[in-house]
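Below is one structure; the comments refer to it alone.
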Amino acid sequence: MSSAGRYGRKRVLLLGLCLFGLASLAGGLAQAPGHLVAARAAQGVGAAALATAGTTLLVFGIVRTDRYAWGSPVTLATLAAFLHVERTTAREPLVRLGLFANRSVVGANAYNLLVGAAMAASFDFVSLHLQRVLGKVRR
């Protein structure tokens, strides 16, 4: 059982986020190489917690499409707020929305999204296959 399953997905996600953020701050304020290495190690632990809990929450969100779908009011409001900020107030926007007028850019982004989704899904399915079907579980 993963730590997210054992301690709760939200708790592990928030703990990983806090650890990663504090370690990033420590790395930015590091005065010696040893301090930077320690901060980077702590970032790795936080990132591991973020990755596992985040993937679990993503899968949960996909499975529970009645509550967390792309068409939900919260998702649409968040997306609309992001687009509004990018169009109006950002001097140097995170995403230049004009790029999406180019079909080549849209096609390349869609391709990368599909390849990334296929890779992430294969990692999960292979690990489940090894654990549940083949019985290759370390204890």
Side-chain angles (χ1 to χ4, degrees):
M1 176 178 280
S2 70
S3 60
R6 183 173 294 144
Y7 301 113
R9 293 179 289 266
K10 186 176 179 181
R11 182 178 292 164
V12 172
L13 183 73
L14 291 175
L15 179 68
L17 185 62
C18 289
L19 179 60
F20 187 82
L22 291 173
S24 297
L25 179 64
L29 299 174
Q31 297 293 317
H35 296 150
L36 182 59
V37 169
R40 292 288 187 175
Q43 275 183 320
V45 173
L50 280 172
T52 55
T55 303
T56 304
L57 284 171
L58 178 65
V59 170
F60 181 74
I62 291 170
V63 171
R64 298 291 309 263
T65 55
D66 57 332
R67 294 176 64 189
Y68 299 106
W70 280 102
S72 75
V74 173
T75 304
L76 292 176
T78 304
L79 184 58
F82 174 77
L83 290 173
H84 175 71
V85 167
E86 290 299 298
R87 281 189 187 147
T88 59
T89 60
R91 292 173 69 202
E92 292 187 27
L94 181 66
V95 178
R96 288 185 300 162
L97 298 176
L99 285 175
F100 294 107
N102 186 335
R103 287 178 48 189
S104 297
V105 171
V106 172
N109 281 324
Y111 175 78
N112 282 329
L113 177 68
L114 291 173
V115 169
M119 287 176 51
S122 68
F123 294 151
D124 286 337
F125 287 129
V126 167
S127 68
L128 286 174
H129 180 73
L130 289 171
Q131 293 173 21
R132 302 237 170 129
V133 177
L134 300 179
K136 308 271 184 196
V137 178
R138 276 191 177 163
R139 296 186 188 229

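FYI, side chains are in, hydrogens and waters are out, and symmetry mates aren't considered; it's all heavy atoms of this structure.
With hydrophobic clusters built from ILVMFWY side chains whose heavy atoms lie under 4.5 angstrom apart, Leu76 does not share a cluster with Phe100. Put simply, Val106 and Leu97 are part of the same group of oily side chains (I, L, V, M, F, W, Y) that touch within less than 4.5 Å, one to the next.
Residue pairs meeting the side-chain hydrogen bond (donor to acceptor under 3.5 Å, both in side chains) criterion with at least one partner in residues 113-127, sequence neighbours excluded, are absent.
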Under 3.5 Å, sequence neighbours excluded: what are the donor-acceptor pairs made by side chains of residues 14-35?
| unit_1 | atom_1 | unit_2 | atom_2 | d |
| --- | --- | --- | --- | --- |
| Ser24 | OG | Phe20 | O | 2.8 |
| Ser24 | OG | Gln43 | NE2 | 2.7 |
| Gln31 | NE2 | Leu29 | O | 3.3 |

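Listed by chain and number, the hydrophobic cluster partners of Val105 are Leu99, where partners are ILVMFWY side chains within reach of under 4.5 Å, directly or through others. Taking a 4.5 Å side-chain heavy-atom cut-off between Ile, Leu, Val, Met, Phe, Trp and Tyr, the cluster of Leu134 extends to Val126, Leu130, Val133.
Not a single side chain to side chain contact (heavy atoms under 4.5 Å, CB included) links Arg11 to another residue, sequence neighbours left out. Phe82 meets the side chain to side chain contact (heavy atoms under 4.5 Å, CB included) test with Glu86, Leu94, Val95; sequence neighbours excluded.
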